[in-house]
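Note sheet for the following structure.
Convention: sequence-line order gives letters A, B, ...; per-chain numbering from 1.
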2 protein chains.
Amino acid sequence: MKQNSMPAGTAPGRNHFPPLNPVERETIQLFVQLARVLGQRPSFAEIYGLLFVSPRPLPQDDFIKRLNLSKGSASQGISYLLELGAVRTVAVDDRRVHYEAVAELRNLASRFLRQQVLANFEDSGARLDRIAAEAKKLSASEAEFALNRVKMLKSWSKNTRRILPVLLALLGSRNGK
Amino acid sequence: MKQNSMPAGTAPGRNHFPPLNPVERETIQLFVQLARVLGQRPSFAEIYGLLFVSPRPLPQDDFIKRLNLSKGSASQGISYLLELGAVRTVAVDDRRVHYEAVAELRNLASRFLRQQVLANFEDSGARLDRIAAEAKKLSASEAEFALNRVKMLKSWSKNTRRILPVLLALLGSRNGK
DNA sequence: TATTTATCTCAAAATAAATTGAACCTACCA
DNA sequence: TGGTAGGTTCAATTTATTTTGAGATAAATA
């Protein structure tokens, strides 16, 4: 079989967007499902999933065409994933920016925990102090109970912070070693 | 000041639903915020929050009136929280069922992780096998890459399962002991 | 410099999730 | 044995989130 015009049989070429094969479809679904548990948008998960199964970096065009996404979703999704550190840009001889998945669990989990989870716990300390202050204005027995609850919440928060580094260390180590 | 008709000055009485005080409001808000991170409904978090700050068990009436909830939300919320083990019923000399918060972090976290998080990972194993099977039908180089990705996902899932028991043990221990 | 191509922004539309409340059970009690 | 308080269920509504797409911007190309 002769090749014509297209540079090489294996290179997909600029305007070649084949439909998703079963491996791609299922992998993307896997990430969409995971995303749901973690409170992430399905369209963003699709993008990450496609990049994750792709042997080569992809430009935005690719997810727009192959995932049927709008330009807006693709752009928002990519910038979110970059910000999260789940995706990186790759230099390619093309005007378009190409992206690839960052596939190290340690990196992903660590950034996710820090940016999405921990960030939301940060300001709880201030709130707890406010609650304690208000609690002192209550009647003696009510104050006692409330202050006890605050103490409990503070210990929860301490416990949680204590655990994170351990968690990250465990995620980083390979295969239980 | 004389008491009349009401049994005792300190007992809230059947139809007494004072508005939330600042301690209650702030505590409830704390749980609502936490719930958002964990993907839980705000109305359910409100119920848990109110029970958490209440020195005595409360019947459904209480959250309906004091939190401005519909009967439906209260009922759904309570049954969800019971199912999750975040709330328990308390025997009280009253036809109405009274509830109190289960406030041990270890219990809460363990049940939450198991029911909400782990349950969603369970069936990913089957999907990974399907992906591997499909991958073998691809061209040699594509198959190699895809199978490698599957291997990676399997190791993620293994890592995650390995970590859970450690996590729970850490959450259960007090104050870093 | 004009034109084309890639990407971004954000208000509007579409979709999904949470909440309500009417209808319906089921004990209890008068 | 009929009335009522407490509780549940679920379709309809409300509210929140996600996605879209019509411009705007900017960089590369002609």
Side-chain angles (χ1 to χ4, degrees), chain A residues 13-17 28 31-51 57-84 87-99 116 120, chain B residues 13-17 28 31-51 57-84 87-99 116 120:
Chain A
R14 197 173 181 92
N15 297 309
H16 190 232
F17 303 108
I28 289 166
F31 281 104
V32 168
Q33 185 186 333
L34 182 63
R36 162 171 278 269
V37 181
L38 301 176
Q40 305 299 305
R41 300 194 191 174
S43 68
F44 296 3
E46 287 185 11
I47 296 172
Y48 183 80
L50 180 57
L51 291 175
L58 304 178
Q60 278 196 207
D61 265 24
D62 246 83
F63 9 112
I64 292 172
K65 298 277 168 44
R66 305 188 66 212
L67 298 171
N68 277 303
L69 286 182
S70 64
K71 285 199 299 172
S73 279
S75 173
Q76 287 172 214
I78 260 304
S79 77
Y80 176 85
L81 291 169
L82 282 171
E83 167 76 18
L84 185 67
V87 147
R88 68 169 75 89
T89 60
V90 177
V92 152
D93 183 20
D94 187 333
R95 180 167 159 191
R96 298 170 300 174
V97 182
H98 284 57
Y99 305 91
Q116 312 289 305
N120 280 285
Chain B
R14 198 178 179 88
N15 295 310
H16 190 233
F17 303 108
I28 289 166
F31 281 104
V32 169
Q33 185 187 333
L34 182 63
R36 164 170 276 269
V37 181
L38 301 177
Q40 305 299 304
R41 300 193 192 176
S43 68
F44 296 3
E46 288 185 10
I47 296 172
Y48 183 82
L50 181 56
L51 291 175
L58 304 177
Q60 279 197 207
D61 266 22
D62 247 82
F63 10 111
I64 292 172
K65 297 278 168 48
R66 304 189 68 210
L67 299 171
N68 277 305
L69 287 181
S70 65
K71 281 206 300 175
S73 280
S75 173
Q76 286 172 213
I78 261 303
S79 78
Y80 175 83
L81 291 168
L82 282 171
E83 167 76 18
L84 186 66
V87 146
R88 69 168 75 88
T89 59
V90 177
V92 152
D93 182 19
D94 187 335
R95 182 168 158 192
R96 299 171 299 175
V97 182
H98 284 58
Y99 305 91
Q116 311 289 304
N120 280 285

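With values rounded to the nearest 0.5 angstrom, B:Ser79 atom OG is found 7.0 Å from B:Phe44 atom CZ.
Axis angle between the ends of the helix from C:dT1-D:dA30 to C:dA30-D:dT1, five pairs each and rounded to 10 degrees, works out to 10°.
A donor atom on one side chain and an acceptor atom on the other are found under 3.5 Å apart for B:Gln40 and B:Tyr80.
For A:Arg36 and C:dA17, the shortest distance from a side-chain N or O to OP1 or OP2 is below 4.0 Å. For D:dT19, one of the phosphate oxygens OP1 or OP2 lies less than 4.0 angstrom from a side-chain nitrogen or oxygen of A:Ser43. Between C:dA27 and B:Arg96, no contact under 4.0 Å exists linking OP1 or OP2 to a side-chain N or O. Under 4.0 angstrom from either OP1 or OP2 of D:dT18 there lies at least one side-chain N or O belonging to A:Arg41.
Atom CG of A:Asp94 and atom C1' of C:dT4 are 15 Å apart (whole Å). Rounded to whole Å, the distance from CD1 on A:Ile47 to P on D:dT18 is 14 Å. The distance from atom CG of B:Asn68 to atom C1' of C:dT19 is 13 Å, rounded to the nearest whole Å. At whole-Å resolution of the value, CD in A:Gln40 and C1' in D:dT18 are 13 Å apart.
By the side-chain contact (heavy atoms from CB on, under 4.5 Å) test, A:Leu34 pairs with A:Phe31, A:Leu38, B:Phe121, sequence neighbours left out.
In this structure, A:Ser75 reaches the bases: a heavy-atom distance under 4.0 Å links it to at least one base atom across the strands shown. The residue B:Gln60 sits close only to the backbone: its heavy atoms come under 4.0 Å of sugar-phosphate atoms, none of a base. B:Pro59 comes within contact range of no nucleotide atom at all, as no heavy-atom separation falls under 4.0 Å.
If A:His98 and A:Gln76 are placed on DNA chain C by their nearest nucleotide, the residue sitting closer to the 5' end is A:His98. Residue-to-nucleotide proximity on DNA chain D shows that, of A:Phe44 and A:Lys71, the 5′-proximal contact is made by A:Phe44.
Looking at A:Arg95, its side chain has no donor and acceptor atom pair within 3.5 Å of the base of C:dA6.
Distance from the side chain of A:Ser73 is smallest to D:dT19 among D:dG6, D:dT19, C:dT20.
For the side-chain contact (heavy atoms from CB on, under 4.5 Å) with B:Tyr99, the lone residue among B:Leu81, B:Val90, B:Leu82 that qualifies is B:Leu82.
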